[in-house]
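All remarks here apply to the structure that follows.
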Amino acid sequence: MEVARGPFRNGRRKRCGAACEQEHPGELSFLGGGYYDHYVPAAVDALTGRSEFYTAYTPYQPECSQGTLQSIYEYQSAICRLTEMEYANASLYDGGTAVFEAAAMAVRVTGRSKVVVHPSMNPRHVELLHTHCANLPIEIVEGEDPTDAACVIAQNPDFIGTVRDLTALGDACHAAGALFVMTFYPVSLGILKTPGAMGADIAIAEGQSIGMPLGFGGPYLGILATRKKYVRKMPGRIAGATVDGEGRRGFVLTLQAREQHIRRSKAMSNICSNQALCALRALVHLSLLGKEGLREQAVICHSKAEYLKGQLGFAELLNDGPTFNEFAIRLPKSADDVIAALQPQGIHAGLPLSSLSTGDPMDLLIAVTEKHTREDLDRFAKALEEAACS
Amino acid sequence: MQLIYEKSEPGRRAIRWDVLDVPEAKLPEALCRSEAAALPEVAEIDVVRHFTHLSQRNVGIDDTFYPLGSCTMKYNPKIAEVTAAMPGMAQLHPHLSTAPVYQSAVQGAYEMIFALERDLAEIAGMKAASLQPIAGAHGELAGTLLMAAYHRDRGNTGKDTIIVPDSAHGTNPASAVMAGFKVVEVASDEDGTIHLDQFRAVMNDKVAGIMLTCPNTHGLFEKKVAEIAKIAHESGALLYYDGANLNAILGECRPGDLGFDVMHYNLHKTFATPHGMGGPGCGPVGVGERLLPYLPGPRVVQKDDGYALETPEKSIGRMASFFGNFLIAVRAYAYLRHYGDEGLRDISKMAVLNANYIWARLKPYYRPAFEGRFMHEAVFSAVPQAEKGVKAMDIAKALLDRGYHAPTVYFPLTVKECLMIEPTETESKETLDAFCDAMIEIAQLAESNPEAITSAPKTTPVSRLDEVKAARDLDCAYL
């Protein structure tokens with residue numbers, strides 16, 4: 001029997017005919033920069049759209065909130081399995097604010113006040129760190145020297161997509177008595193070496209890529225995981241397993257003495273509302289992808305990005321090492337001009353690095369996901385070359 | 001119930017990707033993980049049944065009355081969900097706002113942000129608002145950072161303290177400390193509002209700001225607020241409004257007119273966006289004249305040829321990577337457009353009426369924490385019941401058995417055996433009556449058969465859980 005595999009297959013850009021295209025032009029987009037247009041299975045919306053989940057509040061009454069509490073416990077487990085870390089919290093706001101929470105946690109753990117920001121970091125997240133620390137006795141310096149520092153915060157892949165093994169940086173941190181904080185990209189951990197394996201003390205991430213719509217900036221998901229010895233210094237809620245009066249397994253919020261509603265001015269963080277529904281989205285998403293599905297997704301993203309890279313010989317590659325699904329190129333002319341030329345064709349060509357003050361006006365950051373077909377990539381490469389070299 | 005991991009079978013899967021249409025590329029082994037992440041191996045139907053069953057072990061507003069005080073658990077209109085799911089909202093890449101070259105692609109989103117910020121400012125009598133703060137506590141942090149920037153800019157050295165009433169939410173002191181301030185607590189008067197003499201006693205040149213909730217967490221309007229504002233401003237301090245209870249005063253009075261300089265809104269409370277099991281919320285910050293130049297940036301501004309971004313001259317910088325929890329703001333915007341100013345006024349009136357109806361029906365059975373009428377929530381003390389062995393927590397559990405979510409218990413900390421009941425405006429008299437009947441039956445059982453209450457809950461998926469064991473034998477992940 002032969003049945004055609006149509007355009008509705010998983011992961012493809014959904015093109016459901018001319019009428020639909022008209023309604024929302026469905027740009028072919030290569031924007032990334034920490035936020036990616038990944039496939040989200042329909043069951044994620046269907047299940048997290050159940051109002052028993054989304055119209056409930058914080059599980060203050062655990063007996064009637066086991067759905068919430070078990071899902072948080074399962075989410076924490078998924079994050080630990082993904083990162084090879086020992087403890088994860090129930091969620092923070094997003095990847096940007098998680099950088100500040102991780103820095104503040106490292107300051108609490110070490111009693112030191114210097115926070116070192118590695119050049120690999122997302123510049124937007126560094127901006128947030130400065131805003132949040134403006135009135136605190138925390139010194140933020142750029143570099144990778146852990147001497148006298150509370151922590152070094154580094155990102156892998158780095159902001160322009162280069163993949164590194166940061167184990168040596170982690171070792172240097174530990175030798176200097178500093179914590180190693182690592183920001184990761186959840187989808188990349190389908191294949192990349194984990195924060196746990198590289199010796200991270202705190203692993204943080206923007207969780208948008210595992211089940212959240214792009215939504216113009218939120219709601220997203222702040223992921224934070226750590227080692228056992230630091231769990232009591234961790235910000236945010238944590239669910240733990242226990243038993244009820246009849247010996248049945250159940251779940252509660254635990255270690256609450258770290259939190260603002262108990263500890264008030266001495267709390268580990270002021271966080272109250274977090275992103276529980278987004279954590280549920282991530283859990284359902286990861287459960288649907290599963291062990292093999294996530295690994296394959298990472299392989300597909302990487303392979304398609306490498307294919308596109310191979311089509312862009314006319315431009316200079318800016319990464320000094322292997323990349324995962326994102327890379328930066330220097331065009332022969334202004335990136336803004338090239339982007340403007342491609343927009344009428346329904347193509348969003350990527351992120352001009354100069355808009356984040358991290359590159360030359362000719363530099364363009366390009367992200368590829370499993371949603372891009374080979375035809376999409378060919379069309380983009382051709383259009384980009386025409387615009388850049390004309 | 002089993003965990004999703006316990007349902008895992010090697011090789012089973014829910015998703016199959018398309019056949020790779022480009023050559024497979026490989027990264028150097030040294031950069032790769034040694035084993036695939038041990039995520040569940042399950043079919044789609046396994047996932048669907050698992051999470052459907054989990055949802056059935058939960059209770060939301062769509063299931064039952066949820067009078068969780070201070071949380072404003074009102075009905076969440078479905079139109080807001082439909083609006084936020086529109087592809088033009090849900091699929092918009094945030095970095096389209098980073099490069100001005102993409103500006104034409106985000107005019108609709110900018111218009112929504114501009115209009116909602118304007119409406120929020122108008123509702124609270126503020127000069128402007130910013131949607132950047134991601135949750136209420138994040139809005140508090142933004143507000144306290146704004147106060148710090150204001151004092152720094154004016155050379156007001158030594159203003160390192162923030163005054164917080166003892167009835168405040170725990171987030172107030174925690175946020176002030178995260179913004180680098182010291183915190184001084186001031187006690188409540190016997191009438192449940194701020195103690196004016198004690199306030200005067202702690203008020204000095206070191207005070208940068210005062211954080212007030214109004215109505216406060218006792219459910220009472222802070223009648224001395226004008227005097228507090230006068231004292232604060234005379235000594236160069238700023239007044240912060242915690243918007244947690246804004247639902248009580250919509251269209252009746254505005255924090256800005258009362259003398260507040262800065263505030264946050266909880267869109268997930270007042271403006272009906274779903275609470276999502278504890279988030280995502282949305283906590284915009286609003287400012288009056290004094291703090292306007294310091295607002296988080298960039299901001300959406302209206303130009304002759306459309307909307308664009310601008311950063312205020314003395315901005316504290318970015319509080320969020322983009323525009324906060326944008327899709328939550330979209331829901332609040334849909335809510336506002338749905339009700340308009342007349343509708344908003346009715347909301348507050350009904351919220352206050354409903355709380356006072358509960359107070360009137362229950363006061364023969366439960367001791368009101370304070371004299372006189374409440375605003376949006378009725379606060380009782382179960383001390384008389386506790387003396388007979390039935391604590392506030394027992395009453396909460398007995399309500400679960402009767403099909404209700406419990407009120408907030410043991411908060412505020414100022415009221416012993418506290419029961420804090422906030423019905424909101426969306427409940428009918430019949431619902432309130434049925435709930436009050438259940439509360440009265442529990443009060444009567446507390447007298448006649450306390451054991452029937454202290455052994456609750458019996459109908460929930462689990463009975464009371466061992467919290468001491470959870471903390472002692474820490475098990476926070478299935479590995």
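Scope of the values below: all heavy atoms of this structure, side chains included, with no hydrogens, waters or symmetry mates. Note on naming: letters A, B, ... go to the chains in the order of the sequence lines (proteins, then strands), and numbering restarts at 1 for each one.
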Open item on the list: Quick check for you: to the nearest 0.5 Å, what is the distance between B/L141 atom CG and A/F100 atom CZ?
Closed with: 6.0 Å
Open item on the list: So which atom in A/N270 and which in B/S175 form the shortest heavy-atom distance, rounded to 0.1 Å?
Closed with: ND2-OG, 2.8 Å
Task: Pairs touching residues 469-479 of chain B that satisfy side chain to side chain donor-acceptor pair (under 3.5 Å), sequence neighbours left out - done: A/Y73-B/D475, B/K469-B/D473
TODO: Flag yes if more than 12 heavy atoms outside B/E29 fall under 6.0 Å of its CD atom; otherwise flag no.
DONE: no
Open item on the list: Test your reading of the model: is there a side-chain donor-acceptor pair from A/R249 to the backbone of B/M1, 3.5 Å cut-off?
Closed with: yes
Task: Side chain, backbone, both or neither of A/R237 within contact of chain B (heavy atoms, under 4.5 Å) - done: side chain
Task: Residues in side-chain contact (heavy atoms from CB on, under 4.5 Å) contact with A/E306, at least two apart in sequence or another chain - done: A/H302, A/K309, A/T323, B/A25
TODO: Keeping the roles fixed (side chain from B/N58, backbone from A/T68), state whether a donor-acceptor pair exists under 3.5 Å.
DONE: yes
Open item on the list: Please classify the contact of A/T97 with chain B as side chain, backbone, both or neither, using a heavy-atom distance under 4.5 Å.
Closed with: side chain
- [ ] Go through B/K182, B/R12, B/Q56, B/E185 and name the one with the most non-hydrogen pairs under 4.5 angstrom from chain A.
- [x] B/E185
Task: Per-residue contact mode, B/E41 against chain A (heavy atom under 4.5 angstrom) - done: side chain
Open item on the list: Quick check: closest heavy atoms across A/R248 and B/S463, and the distance to 0.1 Å?
Closed with: NH2-N, 3.5 Å
- [ ] Go through B/L20, B/V177, B/V330, B/T171 and name the one with the most non-hydrogen pairs under 4.5 angstrom from chain A.
- [x] B/T171
Task: Toward chain A, the part of B/D62 with a non-hydrogen atom under 4.5 Å - done: both
TODO: Let me know if B/L31 has heavy atoms under 4.5 Å from chain A in its side chain, its backbone, both or neither.
DONE: both
Task: Contact origin within B/L400 toward chain A - heavy atom pairs under 4.5 Å - done: side chain
Task: B/L3 CG to A/S71 OG distance, which is reported to the nearest 0.5 Å - done: 11.5 Å
Task: A/I238 portion near chain B, given a 4.5 angstrom heavy-atom threshold - done: side chain
Task: Segment of B/T144 engaging chain A (4.5 angstrom heavy-atom cut-off) - done: neither
Task: Structural part of A/L69 lying under 4.5 Å from a heavy atom of chain B - done: neither
Open item on the list: Restricting to non-hydrogen atoms, name the atom on B/L479 and the atom on A/C80 that form the minimum distance, rounded to 0.1 Å.
Closed with: CD2-CB, 3.7 Å
Open item on the list: For B/K78, which atoms come within 4.5 Å of any heavy atom of chain A: side chain, backbone, both, or neither?
Closed with: side chain
- [ ] Please look at A/Y35 and chain B and tell me whether the side chain, the backbone, both or neither of the residue comes under 4.5 angstrom of a heavy atom of that chain.
- [x] both
- [ ] Please state whether the side chain, the backbone, both or neither of B/M319 comes within less than 4.5 Å of a heavy atom of chain A.
- [x] both
- [ ] With a 4.5 angstrom heavy-atom cut-off, could you sort out which part of A/A197 is near chain B: side chain, backbone, both or neither?
- [x] neither
- [ ] Answer yes or no: are there more than 12 heavy-atom neighbours, outside B/E35 itself, under 6.0 Å from its atom CD?
- [x] no
Task: Between CD1 on residue B/I4 and CD on residue A/E74, distance to nearest 0.5 Å - done: 6.0 Å
Open item on the list: Taking the side chain as everything from C-beta on, heavy atoms only, tell me whether A/L47 gets closer than 4.5 Å to B/V48.
Closed with: yes
Open item on the list: Counting only non-hydrogen atoms closer than 4.5 Å, does A/Q208 touch chain B with its backbone (N, CA, C, O), its side chain (CB onward), both, or neither?
Closed with: neither
Open item on the list: Can you tell me which portion of B/L327 sits under 4.5 Å from chain A's heavy atoms? Options are side chain, backbone, both or neither.
Closed with: both
- [ ] Verify whether the ring centers belonging to A/H261 and B/F411 lie closer than 6.0 Å.
- [x] no
Task: Contact check, side chains of B/L413 and A/R264, non-hydrogen atoms, under 4.5 Å - done: yes
Task: Mutual orientation of the aromatic rings belonging to A/Y93 and B/H138 [parallel < 30°, tilted 30-60°, perpendicular > 60°] - done: tilted
TODO: Under 4.5 Å heavy-atom distance to chain A, tell me which part of B/R464 shows up: side chain, backbone, both or neither.
DONE: both
Task: Proximal component of B/A99, with respect to chain A [non-hydrogen, under 4.5 Å] - done: both
Open item on the list: With a 4.5 angstrom heavy-atom cut-off, is it the side chain or the backbone of B/I113 that approaches chain A, or both, or neither?
Closed with: side chain
- [ ] Heavy-atom distances under 4.5 Å only: say whether B/M393 touches chain A with side chain, backbone, both or neither.
- [x] side chain
Task: chain B contact via A/R374 - which portion, at a heavy-atom distance below 4.5 Å - done: both
Task: Aromatic ring proximity B/F51/A/F53, centre distance under 6.0 Å - done: no
Open item on the list: For B/H268 and A/Y57, take the angle between the two ring planes, folded into 0 to 90°, and tell me which bin it lands in: parallel under 30, tilted 30 to 60, perpendicular over 60.
Closed with: tilted
TODO: Report the distance from atom NE2 of B/H93 to atom OH of A/Y36, rounding to the nearest 0.5 Å.
DONE: 8.0 Å
Task: Heavy-atom proximity to chain A below 4.5 Å, by part of B/E140 - done: neither
- [ ] Considering non-hydrogen atoms only, spot the tightest contact between B/H95 and A/G32 and give its length.
- [x] CD2-O, 3.0 Å
Task: Region of B/P10 that comes under 4.5 Å of a non-hydrogen atom in chain A - done: neither
Task: Heavy-atom side-chain proximity of B/D18 to A/E370 below 4.5 angstrom - done: no
Task: Nearest atoms (heavy-atom pairs only) where B/V409 meets A/Q61 - done: CG2-NE2, 4.2 Å
